[in-house]
Amino acid sequence: MIKIEKIVLSYSGGLDTSIILKWLQETYRCEVVTFTADLGQGEELEPARAKAEMAGVKDIRIVDLREEFVSDFVFPMLRANALYEGQYLLGSSIARPLIAKHLVDMAREVGADAVAHGATGKGNDQLRFELAVNALDPSIKVIAPWRQWNIRSRMQLLEYAEKHRIPVPSDKRGEAPFSIDANLLHTSTEGKGLENPAEIAPDHVYQRTVDPVDAPDAPEIITIGFERGDPVSVNGKAMTPAALLTELNGLGGRHGVGRLDLVENRFIGMKSRGIYETPGGTILLTSHRGIESITLDRAAAHLKDEIMPRYAELIYNGFWFAPEREMLQALIDHSQAFVNGEVTLRLYKGSASVISRASSCSLYSADLVTFEESAIAFDHHDAEGFIRLNGLRLRSWAARNRR
Ligand code: ARG
């Protein structure tokens, strides 16, 4: 066992990280500082303080990171219209580098030589935490108890808790719980019955969206304002990034928007099935594409779409703090200079659909596209030559095939 002087632990106050806290204190016999971040997971954070105090922690840090999370991580990602494997809005993936950054900052501040996290050896999150720490400060060691200790199952974890008098909530006894990760962008649920992808997810896994079947019969119309590719207002009211996403989560959740039942490919190698709820994020993705549709040049938009899967995969795999992600981000951010305007959407029984869009920077020309008589000079004969030349190689190809 290597000698560690002081550890900063990413601490949720939940059962797993409470056990990890005890295990770190016992194993390394050094001071452990707890770091608890408010990412809008919708949970009281004061109980985490009480639990850390009970475990003898002297330095307890609880920090509200909601605005930084949305403005510096979620919004830059949304500018790219990022989706992993065509569907996943990356709600857990994008939160990890932010937590890692704060763990590193705090380690420097309190003079710790190591940080610790509660991610398991089978998941993506360990990569996201640790690759970020590598990129931000290679001198800081990372401790991942789930890969080091002898605890191999949920049952053994509960035994350890009882032995060390760590209170186990009654609903955590007996049946194993779902693994849930929540923040302002999404709620992700994995494990238990969901591990069989052939089985339909039970209703009670959904936490922040109603079943579209039970959503209001009347549609709701909302308008989102954009400036330089970022959403800045809802229904004409300017809002901070975190307030705006919170507002859209409420609206989307009520209309059953943003549910996803997905089997995805983890970076570590296995397939996994999860349920995601991303109400506000789904509305933002749809509306951002709506405003881009009138403000981006065709080639610029298509280039963005080509690099998007690559960019999304970088975030999924844990390379937020990597040179290639920053290079792609510079390209994406550059493209957003004129992405200003307003998009109106209809929320209705699980769907969020764009119904109108307007911008002072629009490239759209009704005069140019109209079926009616138009003032703009467009010579229809030009199209004839355009088609003849584009068809030139096709005519050669077809003639050869017929020989
Ligand atoms: N599979 C998702 C990802 O890798 C979610 C991971 C965390 N979620 C959880 N329920 N433990 O981004």
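Note that ligands are numbered from 1 as they come in the structure, with each ligand's atoms numbered from 1 the same way.
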query = Is G274 in contact with ligand 1, taking contact as a heavy-atom separation below 4.0 Å?
reply = no
request  = Would you give the length of the straight line joining atom OG1 of T27 to atom NZ of K22, rounded to the nearest 0.5 angstrom?
outcome  = 10.5 Å
message = Using a 4.0 Å heavy-atom cut-off, which part of D181 comes near ligand 1: side chain, backbone, both, or neither?
response = both
ask   = Are any non-hydrogen side-chain atoms of T344 and I222 less than 4.5 angstrom apart?
value = no
ask   = Does F178 reach ligand 1, in the sense of a heavy atom lying below 4.0 Å from it?
value = no
ask   = Considering only protein heavy atoms, which is closest to atom 10 (N) of ligand 1, and at what distance to one decimal place?
value = S179 O, 2.7 Å
request  = Check each atom of ligand 1 against the heavy atoms of S93 and keep those under 4.0 Å away; list them by number with element.
outcome  = 12 (O)
request  = Could you list which atoms of ligand 1 come closer than 4.0 Å to a heavy atom of Y276?
outcome  = 1 (N), 2 (C), 5 (C)
inquiry  = Geometry only, no angles: is S272 polar-contacting ligand 1 at N/O separations under 3.5 Å?
reply    = no
note = For atom 12 (O) of ligand 1, the closest protein heavy atom turns out to be Y88 OH, 2.6 Å
query = Can we call the ring centroids of H204 and Y206 under 6.0 Å apart?
reply = no
Distance filter under 4.0 Å to N124 heavy atoms, resulting ligand 1 atoms = 3 (C), 4 (O)
Heavy-atom proximity to atom 6 (C) of ligand 1, best of E190, H186, R96 = E190
query = So is there a nitrogen or oxygen of T189 less than 3.5 Å from a nitrogen or oxygen in ligand 1?
reply = no
remark   = d(F178 CZ, Q207 CD) to nearest 0.5 Å is 9.0 Å
key: Part of E264 within contact of ligand 1 (heavy atoms, under 4.0 Å)   = side chain
ask   = Would Y84 count as a contact of ligand 1 if the rule is a heavy atom under 4.0 Å away?
value = no
Numbered atoms of ligand 1 (with element) below 4.0 Å of D125, judged on heavy atoms = 6 (C), 7 (C)
CD1-CG distance between I99 and L39, expressed to the nearest 0.5 angstrom = 5.0 Å
inquiry  = If you take the centroid of each ring, where Trp contributes its six-membered ring, are W320 and F73 closer together than 6.0 Å?
reply    = yes
query = Can you list every pair that meets salt bridge (Lys or Arg N to Asp or Glu O under 4.0 Å) and has a residue in residues 9-20, with sequence neighbours left out?
reply = D16-R154
task = Considering the heavy atoms of R128, write down every atom of ligand 1 situated less than 4.0 Å from one of them.
result = 3 (C), 4 (O), 12 (O)
query = Which residue supplies the protein heavy atom nearest to atom 8 (N) of ligand 1, what is that atom called, and how far is it?
reply = S188 OG, 2.9 Å
remark   = OH (Y348) and OG (S353) are apart, to the nearest 0.5 Å, by 11.0 Å
query = Is the distance between the ring centroids of F267 and Y316 less than 6.0 Å?
reply = no
request  = Give a yes or no on this: more than 12 heavy atoms of other residues, nucleotides or ligands lie within 6.0 Å of atom CZ of R266.
outcome  = yes
